[in-house]
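What's counted below: heavy atoms across the whole structure, side chains too, no hydrogens, waters or symmetry copies. Proteins come first, then strands; the chains are lettered A, B, ... in the order of their sequence lines, and each starts at number 1.
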Number of protein chains: 4
Amino acid sequence: MSDEAPPPPERARRLPRAVRERQILDAAVQVFARHGYHAASMDEISEVAGVSKPMIYTYLGAKEDLFGKCVQREANRLLEAVQAGVQPELPPDMQLWHGLRSFYRFVGEYRESWTVLHRQALTVGGTFAAEITDMRMRAIELVAALVVAAGTRKGLGEQAEFSGTGLSAALVGAAESLADWALDHPEISDGVLASWLMNLVWLGFNDLVEGQVWKPSDA
Amino acid sequence: MSDEAPPPPERARRLPRAVRERQILDAAVQVFARHGYHAASMDEISEVAGVSKPMIYTYLGAKEDLFGKCVQREANRLLEAVQAGVQPELPPDMQLWHGLRSFYRFVGEYRESWTVLHRQALTVGGTFAAEITDMRMRAIELVAALVVAAGTRKGLGEQAEFSGTGLSAALVGAAESLADWALDHPEISDGVLASWLMNLVWLGFNDLVEGQVWKPSDA
Amino acid sequence: MSDEAPPPPERARRLPRAVRERQILDAAVQVFARHGYHAASMDEISEVAGVSKPMIYTYLGAKEDLFGKCVQREANRLLEAVQAGVQPELPPDMQLWHGLRSFYRFVGEYRESWTVLHRQALTVGGTFAAEITDMRMRAIELVAALVVAAGTRKGLGEQAEFSGTGLSAALVGAAESLADWALDHPEISDGVLASWLMNLVWLGFNDLVEGQVWKPSDA
Amino acid sequence: MSDEAPPPPERARRLPRAVRERQILDAAVQVFARHGYHAASMDEISEVAGVSKPMIYTYLGAKEDLFGKCVQREANRLLEAVQAGVQPELPPDMQLWHGLRSFYRFVGEYRESWTVLHRQALTVGGTFAAEITDMRMRAIELVAALVVAAGTRKGLGEQAEFSGTGLSAALVGAAESLADWALDHPEISDGVLASWLMNLVWLGFNDLVEGQVWKPSDA
DNA sequence: CATGAATGAGTGTTCATTCAT
DNA sequence: GATGAATGAACACTCATTCAT
């Protein structure tokens, strides 16, 4: 029988909720990136976070909620990073280039965020795919509006050779795929990656092969 | 080897092994496409296949083996479909265009195969990711060799504006992403999809916006 | 349509039932000895026997029946071997010695039989334990009657220092345990093994240490 | 059979880990003793323990681990019981006698422990058999050193009539076998059992039949 | 006679989730 | 606020057993 006033166990330090939530989200992103949604276990997340499991449920909800919040947070981070890189007063191609650079810088710096967003978010059935796809679409339109708008101005409507959304999807896919590739080639700088993509989508192989090369005009 | 499936009797409870294996693989592809590797249950697969679970294990092995065999079969199907569409005597751009058409036709026709290959195969840790990535790389080089080789001939080595593997990754990503998009737009024909991609990667946005348009020369 | 291949496919030779049964029992003893009753699988038995599973069921019945028949056959073999070695006209100690020799010879020669009888038969719940125990008891009384009877004649009844069945159990246990030990020491001949046991149970440690030694009188 | 649910160990909801572990181990020993390793089901163990299955896995690990821990605990108990009974200052025969009494007392008191150790531990393939055999050997040498050492002192080396390890195996087998027999004869006291064995191995049948009887000298 | 084909029923194991403290 | 204790429910996998041919 312990009747003496027990000194508060140092074991569990009472931290403000916001801090705990960040700890947990960080751990969750890490674990989700490593194993994917289904293979990730709440046990591992709680362990990595240094927090007991009930706390996760109290603060962030069930596994699916937790994953959703991870996705949201990382998606916001990514969008902010890209938007921060774009300078609206530049010509379209330079805007695109700067946006791409920001994107690749982000991917290189926050690999796990990117992994969760790109690879893992689609494996979860239900609402997530839509949510992610939507976010993806907004992202692409943000970037692709530049060129699509240009095309539209020139009178290229929804004719066979041109489709705003279709091309956007392709463009984003190209950018994403190159991002994945870049994860295995960290020695390639974000500027170079952005340039490659510019040459692909802006000039096309044909011009490129003809010796034409796109280069940033402000470097 | 008599490989001719003898006309299946109306209500044969007792089927030869090869037939059962196909049934099971078909069901597995369907279920894996629907839920992903982890969320798919052997119970559902057996149910869809109209076969008891032990049969699956006897014929195709454990879950991971089964998935591997699905991936292999579908990957072969895809490769064959694409290769069948390419005509080596045509000029490079036409070869590319025909290959892409075959690809989009396949994706449209075998949505589930494509889903398994593109989205689900990467969610399984271990050997699969590598296997798929490898297959993807071989596929891309098959197609991209056309243009990359052209670029290399023109003296574009591994300089900052050009990279064989990097651009290949981007190109394949664009094609894949457009394929995903096309799944939600079945009204767009494979010819049109292929054209869009050609215009993107062959001419580039710049030329496109300037009014230049790529068109198949043999239609 | 098979036209003129008169000899039936060599694949499945139609053998008389008795032969098949022996094949199966041999295989079963082997597999039961290797894995024990529960860990042994009908599949492995059928494979080792070179016979399809339905045949096992047709000829020998279910797994438990099969095991029972294995045990019975091997027990009979053992009993016959021991009985064949005993010569009733010799004095008790020599009878015991010859019986033990036969026993150890059998164990050395039919290791698997011994394993099934001694180690595996007891792990199966239900009727088997009793059956085996019974068989064991009969075996022991067969052998121990010699000495126990002698003791009883001398007026040693069920007093504290003497008990027929109890001592018999101990004696048989000693013989069995030495048999197990001998499996790992095949270089020790059955004559030597029998001698050891004779010295232990006939003379006892005390006499043995005093320099008294029991030796077969007819060698 | 006895299907009466023996009062589940209290309905105490929240118990400290150590208590639960003991409950589970107790239940496991009971069930393993009743059915053997393979036929025992984790379900029954959890039911007998009054605990859900996941707890077993959390606290004691998988089935094989659980069994290993049972064996270890019971083996320790047995060794301690025997060692506690031996008094090193007594002459060899009295030491042996006291050791045997302790052994039989333990077997009578903890039937299930004995069953698990003696009968079931060998049915599990792999490391366990070796572990148990080893433990058995150490146990036997602990006890048999007394007599074997005596024999060796007298100049009885590894000659045909005498073998330390071989005789030890036999001796232990005799003791074990008598223990099994005693399980069905609970009315025989451990002192009597020990006496029987002493008369068998110390004096031998011959002396016994001649009217010589070994008796404890300190009673 | 002989077997490939097929399965019902059960096993060990894990995981997201929630109380009681 | 924070957690160790506890579980329901499901899943992958196996095996003894039996038809239909």
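The heavy-atom pair separating D/S113 from D/V29 by the smallest distance is N-CG1, 4.1 Å. When all heavy atoms of D/V51 and D/M55 are compared, the closest pair comes out as CG1-CB, 3.2 Å.
You'll find a donor-acceptor pair under 3.5 Å spanning the side chain of B/R14 and the base of F/dC19, going by distance alone.
We find that NE2 of D/H38 is positioned 11 Å from P of E/dG12, with the value rounded to whole Å. Rounded to whole Å, atom P of E/dG12 lies 10 Å from atom CD1 of D/I56. Atom CD of A/E21 is separated from atom P of F/dA2 by 12 Å (rounded to the nearest Å). Here E/dT11 presents its P atom at 10 Å from CD of D/E44, a figure rounded to the nearest Å. Here the C1' atom of nucleotide F/dT14 and the CG atom of B/D43 are 14 Å apart, to the nearest Å. Per the geometry, CD1 belonging to D/I24 stands 12 Å off P belonging to F/dA5, to the nearest Å. Taking atom CD of B/E47 as the reference point, atom C1' of F/dC11 lies 15 Å away to the nearest angstrom. Taking atom NZ on D/K53 and atom P on E/dG10, their separation rounds to 13 Å, with Å as the unit.
Between D/V124 and D/I132 the shortest side-chain heavy-atom distance does not fall below 4.5 Å. Side-chain contact between D/T115 and D/E74 is absent, with no heavy atoms from C-beta onward closer than 4.5 Å. Looking only at side-chain heavy atoms (C-beta outward), B/V116 and B/V71 come within less than 4.5 Å of each other. Within the 4.5 Å cutoff, no side-chain heavy atoms of A/Q30 are placed close to those of A/D26. You'll find the side chain of C/K69 stays beyond 4.5 Å of the side chain of C/E21, heavy atoms only.
Applying the 4.0 Å criterion to OP1 and OP2 of E/dC1, one finds that C/R20 has every side-chain N and O outside that range.
Along DNA chain F, the nucleotide nearest D/M55 and the nucleotide nearest A/V51 are compared for position; the residue whose nucleotide lies closer to the 5' end is A/V51. Each of D/Y37 and C/R17 was assigned the nucleotide of DNA chain E with the nearest heavy atom; the assignment lying further toward the 5' end belongs to C/R17.
To the nearest 0.5 angstrom, D/Y57 atom OH is 8.0 Å from D/K63 atom NZ.
Stem analysis of DNA chain F (at least three stacked-register Watson-Crick or G-U pairs, each with both distances under 3.5 Å) gives E:2-21 with F:2-21.
Nucleic acid contact for B/M42: sugar-phosphate only, since backbone atoms but no base atoms lie under 4.0 Å from a heavy atom of the residue. Counting any heavy atom pair closer than 4.0 Å across all strands shown, B/A40 reaches sugar-phosphate atoms only and no base atom.
Enclosure of atom CZ in C/R22 is not indicated, since only 12 or fewer non-hydrogen atoms of other residues, nucleotides or ligands lie within 6.0 angstrom.
Using the six-membered ring where Trp is involved, A/Y37 and A/F32 have ring planes that are parallel, under 30° apart on the 30 and 60° scheme.
For DNA chain E, the neighbouring residues in residues 57-74 of chain D, judged by any heavy atom under 4.0 Å, are D/Y57, D/A62, D/K63.
For D/S52, counting side-chain heavy atoms from C-beta on, the closest listed nucleotide (F/dT21, F/dG1, F/dT7) is F/dT7.
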